Amino acid sequence: MFANLKDAPLFDGLRSLFKAKQPEARRWIVLDVETSGLDPYSDRLLAIAAVALEVSPNFERIAIVIGDSYEAVLKQDLPSSKDNILVHHIGAQAQADGRPPIEVLEEFRAWLGDCPLLAFHSAFDEAMLGRAYALAGLKPLQNEWLDIEPLAKITGVNPSLRALDDWLRHFGIECAVRHQAAADTFATAELLMRLWPYLKREASSWSSLRSIARQANWIPR
């Protein structure tokens with residue numbers, strides 16, 4: 001008799017109820033862009049690279065999901081300057097052979113979904129993406145952003161560090177090709193993983209992480 005109770009509708013409902021209350025793993029996105037220059041109001045978006053992080057339900061750990069990544073070069077009518085190409089190594093032919101911006105931007109939006117975005121000095125990445133969507137006549141992304149640089153400060157590991165290169169050296173993180181979007185993205189994601197043991201002491205959710213940063217006046221909104 002009792003063996004059959006587990007198959008009764010009441011038990012099905014209880015199983016569904018408890019299952020629904022279990023928190024799901026969170027998907028965050030670490031992103032980096034390559035551009036024709038450093039002015040978000042006049043320069044162009046050349047490439048996007050991003051990788052997903054899986055954040056455990058209890059906020060205890062994060063992991064890079066290597067198979068869940070995105071990378072694309074946007075087609076340019078005119079290549080960026082030679083000095084600029086020497087920085088990011090996206091040559092004139094690669095820029096000319098890139099994919100149509102509207103196609104890339106809409107594909108990236110679909111891949112991204114409603115996941116939050118993180119980047120080192122994220123204000124620049126956010127501004128460049130915003131301008132690219134506007135120039136393409138597309139609606140802007142509505143995802144929340146968080147800057148990894150102030151998160152690094154929150155940890156108190158080394159308050160004197162500022163640039164991404166400084167943090168990578170501090171933790172001994174090797175970047176395969178610096179200023180190449182995909183390589184920078186993975187290095188930045190690894191940096192966040194190194195910072196995580198400190199961050200999880202201060203926050204237990206995305207919103208609390210943002211709140212701590214706001215209270216310290218490190219992000220504007």
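Keep in mind that what you see is a predicted model, and the values were worked out from it rather than measured.
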**Student:** Strictly distance-based, threshold 3.5 Å: is any side-chain N or O of Arg162 a donor or acceptor partner for the main-chain N or O of Pro159?
**Tutor:** yes
**Student:** Can a donor-acceptor pair be found between the side chains of Ser122 and Asp125 at a distance below 3.5 Å?
**Tutor:**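 Ser122 vs Asp125: no donor-acceptor pair found between side chains.
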**Student:** Does the side chain of Ser208 pick up a donor-acceptor pair with the side chain of Ser205 at under 3.5 Å?
**Tutor:**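 Yes, a side-chain donor-acceptor pair sits under 3.5 Å.
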**Student:** Mind telling me whether Trp28 and Trp206 have parallel, tilted or perpendicular rings, with 30° and 60° as the class edges?
**Tutor:**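 Correct class here is perpendicular.
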**Student:** Roughly how far apart are Thr188 OG1 and Leu118 CG, rounded to 0.5 Å?
**Tutor:**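 If I round to the nearest 0.5 Å, the distance is 10.0 Å.
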**Student:** Can you see which heavy atom on Leu105 is nearest to which on Ala132, and at what distance?
**Tutor:**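 Residues Leu105 and Ala132, closest heavy atoms: CD1-O, 3.6 Å.
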**Student:** Partners of Asn158 by side-chain contact (heavy atoms from CB on, under 4.5 Å), sequence neighbours excluded?
**Tutor:**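 Per chain and number, Asn158 pairs via side-chain contact (heavy atoms from CB on, under 4.5 Å) with Ser160, Leu161, His170.
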**Student:** Is the side chain of Lys200 donor-acceptor paired with the backbone N or O of Phe59 at a distance under 3.5 Å, no angle test?
**Tutor:** no
**Student:** If you measure from CD on Gln95 to CD on Glu34, what distance do you get to the nearest 0.5 Å?
**Tutor:**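 With rounding to 0.5 Å, CD (Gln95) is 10.5 Å from CD (Glu34).
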**Student:** Take Trp145 and Leu31 through the test side chain to side chain contact (heavy atoms under 4.5 Å, CB included) and record every step on the way to the result.
**Tutor:** CA-CA 10 Å; Trp145 286 79; Leu31 171 143; 4.0 Å; yes
**Student:** Which residue pairs pass the salt bridge (charged side-chain N to carboxylate O under 4.0 Å, His left out) test with at least one member in residues 101-117, sequence neighbours excluded?
**Tutor:**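 Every pair satisfying salt bridge (charged side-chain N to carboxylate O under 4.0 Å, His left out) with a residue in residues 101-117: Arg99-Glu103, Arg99-Glu107, Glu106-Arg109.
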**Student:** Linking I/L/V/M/F/W/Y whenever their side-chain heavy atoms sit closer than 4.5 Å, directly or via other members, would Val104 and Leu135 fall into one cluster?
**Tutor:**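 Different clusters.
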**Student:** Please tell me whether Leu191 and Ile66 are part of a single hydrophobic cluster in this structure, the criterion being side-chain heavy atoms less than 4.5 Å apart.
**Tutor:** yes
**Student:** Just by distance, do the side chain of Asp32 and the backbone of Asp184 share a donor-acceptor pair under 3.5 Å?
**Tutor:** no
**Student:** Check each of Val157, Ile173, Ile148 against Trp167 using the side chain to side chain contact (heavy atoms under 4.5 Å, CB included) test, and report the only one that passes.
**Tutor:** Val157
**Student:** Given the rule that I, L, V, M, F, W and Y join up when any side-chain heavy atoms are under 4.5 Å apart, are Phe171 and Leu53 in one cluster?
**Tutor:** yes
**Student:** Does a donor on one side chain and an acceptor on the other come within less than 3.5 Å for Ser36 and Asp43?
**Tutor:** yes
**Student:** For residues Ile90 and Phe108: do they belong to one hydrophobic cluster (side chain heavy atoms under 4.5 Å, members Ile, Leu, Val, Met, Phe, Trp, Tyr)?
**Tutor:**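 No; tracing contacts between hydrophobic side chains, which count when under 4.5 Å, never links both residues.
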**Student:** Taking side chain as C-beta onward, heavy atoms only, is Pro100 less than 4.5 Å from Ile102?
**Tutor:**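 Side chain of Pro100 against side chain of Ile102, heavy atoms only: no contact under 4.5 Å found.
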**Student:** For a 4.5 angstrom cut-off between non-hydrogen side-chain atoms, does Leu46 reach Gln76?
**Tutor:** yes
**Student:** Cation over ring, Arg27 on Trp111, under 6.0 Å and within 45°?
**Tutor:**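 Positive - Arg27 is close enough to the ring of Trp111 and near enough to its axis.
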**Student:** Looking at Asn143 and Gly113, what are the two nearest heavy atoms and their distance?
**Tutor:**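 Result for this residue pair: ND2-O, 2.9 Å.
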**Student:** Run the side chain to side chain contact (heavy atoms under 4.5 Å, CB included) check on Glu202 and Ile154 step by step: do they pass?
**Tutor:** CA-CA 8 Å; Glu202 305 294 333; Ile154 290 171; 4.2 Å; yes
**Student:** If I take atom CG from residue Leu38 and atom CE from residue Met128, how far apart are they, to the nearest 0.5 angstrom?
**Tutor:** 9.5 Å
**Student:** Does Arg26 pair with Glu54 as a salt bridge, N-O distance under 4.0 Å?
**Tutor:**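 Salt bridge absent between Arg26 and Glu54.
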**Student:** For the residue pair Asp83 / Ser81, report whether a side-chain donor-acceptor contact shorter than 3.5 Å exists.
**Tutor:**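 No, no side-chain donor-acceptor contact under 3.5 Å.
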**Student:** Please check this pair: side chain of Asp68 against backbone of Val51, looking for a donor-acceptor N/O pair closer than 3.5 Å.
**Tutor:**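 No.
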**Student:** Does any non-hydrogen side-chain atom of Leu45 lie less than 4.5 Å from one of Tyr133?
**Tutor:**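 No, their side chains stay 4.5 Å or more apart.
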**Student:** Hey, could you give me the OG/CG distance between Ser204 and Leu199, rounded to the nearest 0.5 Å?
**Tutor:**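 Interatomic distance, Ser204 OG to Leu199 CG, rounded to 0.5 Å: 12.0 Å.
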**Student:** How far apart are the closest heavy atoms of Ala49 and Thr185, and which atoms are they?
**Tutor:** O-OG1, 3.3 Å
**Student:** Looking at every heavy atom in both Pro40 and Ala127, which two are closest together, and how far apart are they?
**Tutor:**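 Smallest heavy-atom distance, with atoms named: CB-CB, 3.6 Å.
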**Student:** To the nearest 0.5 Å, what is the distance between CZ on Phe120 and CG on Leu151?
**Tutor:** 10.0 Å
**Student:** For a side chain to side chain contact (heavy atoms under 4.5 Å, CB included) check, start with the C-alpha distance between Ser56 and Ile62, then their side-chain angles and the critical distance, and finish with the verdict.
**Tutor:** CA-CA 6 Å; Ser56 66; Ile62 59 171; over 6 Å; no
**Student:** Are the side chains of Ser80 and Ile85 in contact, using a 4.5 Å heavy-atom criterion?
**Tutor:**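 In contact.
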**Student:** Under 3.5 Å, is there a donor-acceptor pair between the side chain of Ser211 and the main chain of Ser207?
**Tutor:**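 No; zero donor-acceptor contacts below 3.5 Å.
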**Student:** Is a side-chain N or O of Thr155 found less than 3.5 angstrom from the main chain of Leu195, in a donor-acceptor match?
**Tutor:**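 Answer holds: no.
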**Student:** Distance from Thr35 atom OG1 to Asn84 atom CG, nearest 0.5 Å?
**Tutor:**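 Reported value, rounded in 0.5 Å steps: 6.5 Å.
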**Student:** Examine distances only and state if a side-chain atom of Asp97 and a backbone atom of Lys75 form a donor-acceptor pair shorter than 3.5 Å.
**Tutor:** no
**Student:** Glu190 versus Phe186: any side-chain heavy-atom pair under 4.5 Å?
**Tutor:** no
**Student:** Quick check: is Ile48 connected to Val73 through a chain of hydrophobic side chains (ILVMFWY, heavy atoms under 4.5 Å apart)?
**Tutor:**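 Result: no, two separate clusters.
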